[in-house]
Amino acid sequence: MLLQILLALLAMNILAFAMFGWDKRQARLGGWRVRESTLLLVALLGGTPGAFAGRALFRHKTRKQPFVAALYVVVGMQVLGLAFAYWHFFLR
């Protein structure tokens, strides 16, 4: 079970990283773009490290403050979710 969770998280992070790279490439070429809501959803589903890595490496979505703020809200939600899970499963 733990291995499956880790593999799913790895897949989400690879997907998030690739999506940021694709979106940056398409922005330069004027092609089809990935919706910001899709980027945020993939981050929310566990791809936050991949999203931050892609954002940094591709220098993409770094100056768009509403998106940056939303990405940090996702991080805050994940931290709260992990804290709740820790409390529920280990401290109760």
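Predicted model only: the values in this text are computed from it and were never measured.
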(Q) Go through it in stages, so that I can follow the logic: the residues are Thr62 and Arg55, the test is side chain to side chain contact (heavy atoms under 4.5 Å, CB included), and I'd like the CA-CA distance, side-chain angles, deciding distance and then a yes or no. (A) CA-CA 7 Å; Thr62 57; Arg55 208 174 139 250; 4.2 Å; yes
Q. Side-chain heavy atoms under 4.5 angstrom apart, residues restricted to Ile, Leu, Val, Met, Phe, Trp, Tyr: same cluster for Phe58 and Trp32?
A. yes
(Q) Taking CZ in Arg59 as the centre, count heavy atoms belonging to other residues, nucleotides or ligands within less than 6.0 Å. Is the count above 12? (A) no
**Q.** Trace of the side chain to side chain contact (heavy atoms under 4.5 Å, CB included) decision for Gln4 with Leu7
**A.** CA-CA 5 Å; Gln4 293 163 332; Leu7 288 174; 5.7 Å; no
Q. Do any N or O atoms from the side chain of Asn13 and from the backbone of Ala51 form a donor-acceptor pair under 3.5 angstrom?
A. no
(Q) Within this structure, what is the NE2-CZ distance for the pair His60 and Arg25, rounded to the nearest 0.5 Å? (A) 13.0 Å
Q: Please examine the side chains of Phe17 and Leu57, heavy atoms only from C-beta on, and report whether any two atoms are closer than 4.5 Å.
A: yes
Q. If we only count heavy atoms from C-beta on, is the Leu80 to Met77 side-chain gap below 4.5 Å?
A. no
Q) Could you go step by step and tell me if Asp23 and Met19 meet the side chain to side chain contact (heavy atoms under 4.5 Å, CB included) rule? A) CA-CA 6 Å; Asp23 194 47; Met19 287 174 72; over 6 Å; no
(Q) I'd like to know if Leu3 and Met1 are part of one continuous hydrophobic network [Ile/Leu/Val/Met/Phe/Trp/Tyr, side-chain heavy atoms within less than 4.5 Å]. (A) no
Q: Please work out whether the ring planes of His88 and Phe84 are parallel, tilted or perpendicular, with thresholds of 30° and 60°.
A: parallel
Q. Considering the options Val73, Leu45, Thr48, which one meets the side-chain contact (heavy atoms from CB on, under 4.5 Å) requirement together with Gln78?
A. Thr48
Q | Tyr72/Phe52 aromatic ring centres below 6.0 Å | A | yes
Q) How many angstroms lie between atom CD of Glu36 and atom CG of Leu41, to the nearest 0.5 angstrom? A) 13.5 Å
**Q.** Hydrophobic cluster identity match, Leu10 and Leu82, side-chain contacts under 4.5 Å
**A.** no
Q | hydrophobic_cluster_shared for Leu44 and Leu9, side chain cutoff 4.5 Å | A | no
Q) Same cluster or not: are Val74 and Ile14 linked, directly or through other Ile, Leu, Val, Met, Phe, Trp or Tyr residues, by side-chain heavy atoms under 4.5 angstrom apart? A) no
Q: Answer yes or no on whether Lys61 is positioned over the face of Phe67, meaning its NZ or CZ is under 6.0 Å from the six-membered ring centre and within 45° of the axis.
A: yes
